[in-house]
Amino acid sequence: MIDPKRYLLSTGVASIQGPLVFVRNTTGVGLFERVQIMTQEDAPRLGRVVSIADDKVVVEVFQGTEGLSLGGSRIRFLSEPIVLDVGPSMLGRVYNGVGDPIDGGPRIIPQRRPHIDGLAINPVRRDVPREFIETGVSSIDALNSLVRGQKLPIFSGSGLSHDRLASNVARFARLRGARAEEFAVVFAAIGVTFDTAEQFRREMNEFGALGRIALFLNLASDPSAERLVTPRVALTAAEYLAYEEGHGEVPSRKGYPGYMYSDLAAIYERAGRIMGRPGSITQMPILTMPNDDITHPIPDLSGYITEGQIVLDRDLERRGIFPPIKLLPCLSRLMNHGIGDGMTHRDHPAFAQQLYSSYAQAHRLKLLSSVVGEEGLSDADRQLLHFGDRMDDEFIRQDDQRRSLEDTFDIGWRLLAELPDESLIRLSDEQITEHVAAHRHEQ
Amino acid sequence: MSRAEVFWLNGPVLKARVDGDFKMKEAVFVGDDRLAAEVIRLDAEAVTVQVFEDTTGLRPGVELVGSGLPMAVELGPGMLGNMFDGIQRPLESLAVKQGDFVTTGINVPALDRQRSWEFRPLVQVPASVAAGRVLGEVQETPDLTNRLLVPAGTGGTLEWVAAAGSYRIDEPLARIRTDGGTQEVALMTRWPIRVPRPTRARRPIEEPLLTGQRIIDTLFPVGKGGACAMPGGFGTGKTVLQQTLAKWCDADIIIYVGCGERGNEMAGVLEEFPVLDDPRTGRRLIERTVLIANTSNMPVAAREASIYTAITIGEYYRDQGYHVALFADSISRWAEALREISGRLEELPAEEGYPAYLPSRLAEFFERSGRVTTLAGTDSSLSVVGTVSPPGGDFSEPVTAHSRRYVKNFLALDRERAQARFYPAIHPLQSYSEYTINTAKWWRQHGGVRWEERRGRLLALLQEQARLEKMVKIVGRDALPPSQRLALFCAEIMVEGFLRQSAFSEVDRFCAAEKQSAMLALIDYFIQRAGRVVDRGLDPDELVALPVVRRIQRMGEDIAHHEMDQFEALTKELDAALDTLEGRGEARDHRLMPR
Ligand SMILES: Nc1ncnc2c1ncn2[C@@H]1O[C@H](COP(=O)(O)OP(=O)(O)OP(=O)(O)O)[C@@H](O)[C@H]1O
Ligand SMILES: [Mg+2]
């Protein structure tokens, strides 16, 4: 509730430009503090102070300035930063883009009211993420493994099946040897259509997963400035769930607006684990590459901040391969911490290296053969080409089936068995004997 | 103390009406919480400052107080093994005071005032002493002696020095009578971060900073005292390579600064360095390392300062007589911090919104590297290796382009190699080092007898490979004559067998000079012998499936440092295999045997 003694009211709106409102004759206001813009007609809109020069204050309005007038707007300055009410029973609920429940249920009884910008985790208190999450997706589990506390975005293009992949991961994800229910999912849908949001909710409901999801909705029809707030609100909820209630979180969201590096980093860096605290925050945001261009500033900046990326590809999608994961530009930087002896399999690192190396060679040969024709290739080259095709069809393609890591390994070793020893430089002699030789006999 | 009243606020930048005199780069404090800040502009009535902490909630009317002193760091024993933020606040102590998250307004001294050190005086009084003179020493770590020096700009008659015993860093340990009066000297000194520490002379760079990475040490050596830029798009391996160098390079002291990068990466360093052994001393790597972490979500002004904090600490250890290597990840994030502050000041932007003074700031930074004669008379060095993160991986952007002007060593990381999981993804035709000529002599003296010649052949082969690959794209591989198909094959063997080196292989993450020489010799021998075989009319494709060829391509990770005799065995195996192929045992040419 707002304490009337702690806020200031002003009617001195001097001008309105885009999302910014310039207010005169205002003193006693602090930087980045919360603002409500009131009109006769509708509910108060949320904003915050972005700069101050003497008694002139600039307010950024998150919920749009449409319909505001100079004379008819009153500005209420609340002497606090923007906060979110967090408390038990936040899961299983639907909120709007600024964190108010919109599912007709009761308000969240606030246990705390943290600042939505969060605070930087002191690097000495971070715990290195290393617990392997089995997502059930081969291209991720074997080759770009996800660990608890990682930020691993999906780079997609408009119209590609990222939502299907995200909902599969949200359903399938579990720690090795554990049940899926361990994860709470904070899903922030940003700038999506109502249909997409509804579909996600329906799917989660079908799988009985709705009780472990908090859904934050900023719809395409909502004001775009609100999108600055939505990811922060969702992460604040996630932090509460992770560090105070002890869940692991897989928040996910879509379609970032054009932040600069520091703004994006402030959001992504909230993923992680903290020493001595039970939960963790794993981020799997979905973002679209305008014109499928990975060098566009949004994917580019994200790639520089996140701990890898899963890249979707229009060509694979057209060929009917789901999930349409384009392996070469994918990466998981924290993979090395979470795989290998005692975590997945002793030979997992070499396995991934070899698959990647051979697949990259196959890819190069494919480009080459499209120019000089297959006749210009040697037998060894043709073997590699064939291997590449089978990777697409048998390894990457898995439709909506959840694959165990063991099945994934099995498929991979079987495909590698197609190649002669001299092509398997990343595998030791022992690894070849143990995993590959057996499959050669089958073939 | 000068004071001022804040009237203008924009993110980390504040303007205040002055009452008293402020100096440029003066350290100031803001508000009741005493947030740390620095003067960045002076006008007739206003002072402009950048604040190193979060400014949320600050309002007009808040007071700003000058310190009268420039923004400086504390220098003294106790920095090794510690992690600081961009303005040298000790993160471990902050965590003790504030908990898991960094909040504002906590003042913790950089160096521990409680801890005492065993001091040994090394001069008799009275003595005439000049700047840089060693007055005594303490053991900072079991392996590293920290020396009490006569500070730069001081000199005169040493009147008193403390007796051997246990002292805290701020206790006076010596008194010098100078022209202007007397000066006391303690273990701890302060130095303004934006002012290079003086030396007696600069010297030419003659030795490599050995990194244990073959592609670097052999093809593009980093100089001891040199400056190196390492640009590459996201995920191409800059950080892993930097951390690998920080672990295994043969400097005495490592300064590692995470400038605007990821928190998890710093956590990784903090987890690994205390358990890894320094191959030279057998002590833990963390004992020779100072860490500076100003991650991407920490205040942007402190990020701008972090690089200067780091290099000043580096110079301090250099002046103590050590070889120091500083790793900065990433120079681009520092430049962006500069851009952000400049933008809020509404300065006129130059290229890509960066301020016009970006090139001169870069030059000043890289110029602080070097091999020098210190004031104490030692031959010491400060090497600087900085990563660059060009938007879209495009090396023509300003930070890459300007860095390139001020470094002599350029290690270009290549996206295509990284995507094929070929590491280190250094592009051999886009990278260079101007330290090669100087370091050839070093290799000659350290067992790399024909290093220069072999290196030359490798580079030539790489060039040839690029040319032939273009032809293959037009005519196909099979259309090439045997000698050219052989060149392609040899290049592949060399790339896989010599240049490839995983930072995560326990055997191969570090490759000593001796092993590098052996591998280089073996590869070189293979190329020459294979050439003979093909000269005698055999098809190069017959070499492909030889088991020994596979062994050569895996020798880095298969043969450990204590198994050096395996290289000889491998050479014999190679001879045997090729002899059989040639069908003539006597064809073996002993003059070519590797040495
Ligand atoms: N030398 C290496 N040996 C083995 N693996 C490596 C090596 N270099 C990089 N990698 C792999 O590549 C991944 C990305 O490397 P890294 O994080 O160093 O990239 P980067 O260039 O610093 O990216 P960014 O600019 O986004 O920070 C690592 O997580 C690791 O898996
Ligand atoms: Mg990096």
Side-chain angles (χ1 to χ4, degrees), chain A residues 27-33 51-55 81 117 119-129 149 261-262 265-266 269 272 274 277 295 297 300 303-305 307-308 328-329 331 333-334 336-337 349 353 356-357 360-361 368 371-373 375-378 380-381 420-422 425 428, chain B residues 7-11 55-61 83 91-92 94-95 98 100-103 234-235 258 260 262-264 266-268 270-271 293 295-298 300 333 336 340 389 391-393 419-422 472-479 496 504 541 544-545 547 549-550 553-554 558:
Chain A
T27 51
V29 169
L31 207 52
F32 301 127
E33 282 176 356
S51 74
I52 307 171
D54 285 316
D55 64 347
D117 280 329
L119 289 165
I121 302 176
N122 186 326
V124 303
R125 299 298 303 154
R126 274 188 190 266
D127 222 348
V128 178
Y261 179 84
S262 301
E269 278 292 313
I274 296 180
R277 300 222 191 187
T295 66
D300 193 55
Y304 272 120
I305 301 166
E307 285 142 351
L328 289 181
L331 175 68
R333 297 157 195 262
L334 298 182
N336 293 297
H337 295 299
Q353 292 278 317
Y356 252 108
S357 166
Q361 265 178 292
L368 186 65
V371 185
V372 298
E375 309 75 56
L377 301 180
S378 65
D381 289 349
D421 284 4
E422 63 262 25
I425 300 302
S428 68
Chain B
F7 69 92
W8 187 96
L9 306 94
N10 189 340
T55 50
T56 299
L58 284 185
R59 55 195 61 202
M83 186 186 271
L91 287 168
E92 198 60 69
L94 285 193
Q98 306 176 313
D100 297 338
F101 298 90
V102 180
T103 58
F234 63 79
R262 304 173 182 85
N264 280 334
M266 295 314 292
L270 268 187
E271 186 179 79
T295 53
S296 55
N297 55 345
M298 289 162 78
V300 74
R333 305 301 166 220
E336 285 162 8
E340 182 168 339
S389 320
Q419 290 192 347
R421 303 313 194 246
F422 181 92
V472 167
K473 280 194 190 131
I474 303 166
V475 299
R477 191 184 178 110
D478 282 357
E496 277 288 323
F504 302 111
D541 288 353
V544 175
V549 169
R550 182 181 141 77
Q553 285 171 283
R554 290 185 51 85
D558 282 348

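All figures in this text were calculated on a predicted structure; none of them were measured in a lab. Naming convention: chains lettered A, B, ... in sequence-line order (proteins, then strands); numbering from 1 in each chain.
Proximity to chain B is limited to the side chain of A/V371, based on heavy atoms less than 4.5 angstrom apart. Only the side chain of A/N336 comes within less than 4.5 Å of a heavy atom in chain B; its backbone stays farther off. Proximity to chain A (any heavy atom under 4.5 Å) is shown, for B/V549, by neither the backbone nor the side chain. With a 4.5 Å cut-off on non-hydrogen atoms, A/T27 does not touch chain B at all. Contacts of A/R333 with chain B are made by side-chain atoms alone, with heavy-atom separations under 4.5 Å and no backbone atom involved. Looking at A/P123, the atoms closer than 4.5 Å to chain B (heavy atoms on both sides) sit in the backbone and in the side chain alike. Within the 4.5 angstrom heavy-atom criterion, only side-chain atoms of A/I274, from C-beta onward, approach chain B. The parts of B/E92 that come within reach of chain A are both its backbone and its side chain, each placing non-hydrogen atoms under 4.5 angstrom from that chain.
Of all heavy-atom pairs spanning B/N297 and A/A266, the tightest one is CB-CA, 4.1 Å. Shown here for B/M298 and A/A120, the closest heavy-atom pair between the two residues is CG-CB, 3.9 Å. Across B/K473 and A/L368, no two heavy atoms sit closer than the pair CA-CD1, 3.6 Å. Looking at every heavy atom in both residues, A/F32 comes nearest to B/T55 through CE1-OG1, 3.9 Å. Of all the heavy atoms in B/A95 and A/R125, the pair that sits closest is CB-CD, 3.6 Å. Smallest separation of non-hydrogen atoms from B/R421 and A/L328: NH1-O, 3.7 Å.
Remark: B/W8 CH2 to A/I52 CD1 distance equals 11.0 Å, nearest 0.5 Å.
B/R333 forms a cation-pi arrangement with A/Y304, by the criterion of a distance under 6.0 Å to the ring centre and an angle within 45° of the ring axis.
Looking at A/R277 and B/D100, a side-chain N of the basic residue comes within less than 4.0 Å of a carboxylate O on the acidic one, giving a salt bridge.
Between the side chain of A/D300 and the backbone N or O of B/G392 there is at least one donor-acceptor pair closer than 3.5 Å.
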